[in-house]
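These notes are about the structure you will find just below.
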There are 2 protein chains.
Amino acid sequence: MKRSSRLSVALHVLLHMAEQPDKALTSDVLAGWAATNPVVIRRTFAGLRDAGIVGSTKGHGGGWTLLKPLDAVSLADIQAALDDPVLALGKAEESPGCLVEQAVNAALDDAVAEARRLLDQRLSKITLADLAARIGPRRVVLQAAGCKDPHHES
Amino acid sequence: MKRSSRLSVALHVLLHMAEQPDKALTSDVLAGWAATNPVVIRRTFAGLRDAGIVGSTKGHGGGWTLLKPLDAVSLADIQAALDDPVLALGKAEESPGCLVEQAVNAALDDAVAEARRLLDQRLSKITLADLAARIGPRRVVLQAAGCKDPHHES
DNA sequence: TTTTCATGTAATTATATATGTTACGTGACG
DNA sequence: CGTCACGTAACATATATAATTACATGAAAA
């Protein structure tokens with residue numbers, strides 16, 4: 001496994017969900033789209049549920065549903081809901097005693113914080129609807145081309 | 001994943017080196033400041049040497065020396081010399097066949113690239129001299145307080 | 001010239017973090 | 001009350017990075 005890919009996975013799955021609005025979809029189905037495990041989906045989506053972006057129901061016919069219109073959810077909303085460590089610069093020590101290292105950490109923290117603000121600002125201006133629009137024109141192709149459940153492929 | 005801390009380590013060590021200009025310092029000494037292994041220093045500093053920021057000499061009395069004035073080296077220079085993966089957002093797949101995921105990756109790549117540009121721009125405006133100045137006023141305290149060689153502490 | 005010291009680097013091991021998987025509990029629907 | 005699907009803890013696997021070991025190379029000193 002590489003870097004955290006939760007945001008990428010979440011977006012991918014949410015957009016697929018949007019193609020079947022108001023239909024409860026199981027973790028198994030969502031996991032198929034993302035080529036991952038149902039438990040990973042449940043973990044990832046737990047944050048989205050807490051943020052009110054999706055809802056989940058148990059039992060027969062249960063599953064996940066989108067609760068908000070696509071244009072009401074920005075990528076920043078999702079990012080925040082996932083509590084995903086977006087971008088970071090490693091430090092040698094978190095709480096160093098050395099004054100030199102404290103100064104280094106402070107300078108780097110400042111710079112990273114600013115970059116992070118810019119990224120957040122950028123993500124807050126992109127909604128799920130925007131992404132869907134980019135794909136929309138080829139919706140038909142999309143359905144044919146892809147992202148079927150690789151788990152259960154034979 | 002474990003985050004790279006090469007930039008942090010390099011800056012810390014370079015600033016300590018600046019306190020003893022023109023003196024060749026061994027990897028062992030530098031490693032002591034950074035509380036790490038001499039080999040890690042040699043690996044990390046290899047990039048800085050290639051970039052002409054520091055020089056190294058072998059044999060008796062050998063070691064590392066700063067080749068440029070502090071105000072001629074920006075943090076961006078160091079970052080670039082280290083070939084350190086600064087900030088990134090994980091993707092589920094690097095080259096997905098799914099059009100939805102392609103759109104998602106493209107959108108995220110754009111946003112991250114912009115944040116990275118801002119960070120680089122920010123780092124290019126901070127020089128080693130700037131960092132040294134922040135610490136300068138308490139140079140004496142610094143010497144007393146710390147970063148002695150923890151490797152050989154008794 | 002031989003010894004000693006310090007870098008250069010490959011190979012191996014250790015550690016941290018994220019994902020993948022298994023197992024089992026809980027609630028809802030039939 | 002049995003089945004289905006989420007909720008979650010526990011454990012396994014994967015990968016990225018640092019730490020360590022080992023040895024070669026080159027330079028200065030004895």
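Side chains are part of it too, since the values below use all heavy atoms of this structure and drop only hydrogens, waters and symmetry mates. Reminder, nothing fancy here: chain letters follow the sequence lines and each chain counts from 1.
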Whole-Å distance, A:Lys58 NZ to C:dA28 P, equals 7 Å
Testing C:dT7, C:dA23, D:dT21 for proximity to the side chain of B:Val39, the answer is D:dT21
- Query: Do A:Arg43 side-chain and C:dA18 base share a donor-acceptor contact under 3.5 Å?
  - Reply: no
(message) With a 4.0 Å cutoff (strictly under), does any side-chain N or O of A:Arg49 reach OP1 or OP2 of D:dC6?
(response) no
Rounded to whole Å, the CG-C1' distance (A:Leu7 to C:dA18) equals 15 Å
Here the distance between atom C1' of D:dA22 and atom CG of B:Asn37, to the nearest Å, is 12 Å
Note to self: Looking at B:Arg42, I'd like to know whether one of its side-chain N or O atoms comes within less than 4.0 Å of OP1 or OP2 on C:dT7.
What the structure shows: yes
Between CG of A:Asp84 and C1' of C:dT17 the distance, given in whole Å, is 12 Å
inquiry  = Would you say A:Thr57 places a side-chain N or O within less than 4.0 Å of OP1 or OP2 belonging to D:dA5?
reply    = no
Separation of D:dC6 atom P from A:Phe45 atom CZ, nearest Å, is 11 Å
Notebook entry, point to check: Any side-chain N or O of B:Ser27 less than 4.0 Å from the OP1 or OP2 oxygen of C:dT7?
Noted result: yes
In A:Asp84, A:Leu82, A:Leu30, the residue satisfying side-chain contact (heavy atoms from CB on, under 4.5 Å) with A:Thr44 is A:Leu82
Shortest non-hydrogen pair, A:Ser74 vs A:Ser124, comes out as CB-O, 3.5 Å
Whole-Å distance, B:Trp64 CH2 to C:dA6 P, equals 14 Å
Is a donor on one side and an acceptor on the other found under 3.5 Å between the side chain of B:Asp130 and the backbone of B:Thr127? yes
Determine whether more than 12 heavy atoms belonging to other residues, nucleotides or ligands lie under 6.0 Å from atom CG of B:Asp83. no
Closest to the side chain of A:Val40, out of C:dT19, C:dA6, D:dT8, is C:dT19
Could you label the plane-to-plane angle of the B:Trp64 and B:Phe45 rings as parallel, tilted or perpendicular, counting under 30° as parallel and over 60° as perpendicular? perpendicular
- Give A:Leu30 one of three labels, base, sugar-phosphate or nothing, depending on what nucleic acid heavy atoms sit under 4.0 Å from its own. nothing
From CG of A:Asp28 across to P of D:dG7 the rounded distance in Å is 14 Å
Reckon B:Thr36 has a side-chain N or O less than 4.0 Å from the OP1 or OP2 of D:dA19? yes
A:Arg6 atom CZ is separated from C:dA18 atom C1', nearest whole Å, by 8 Å
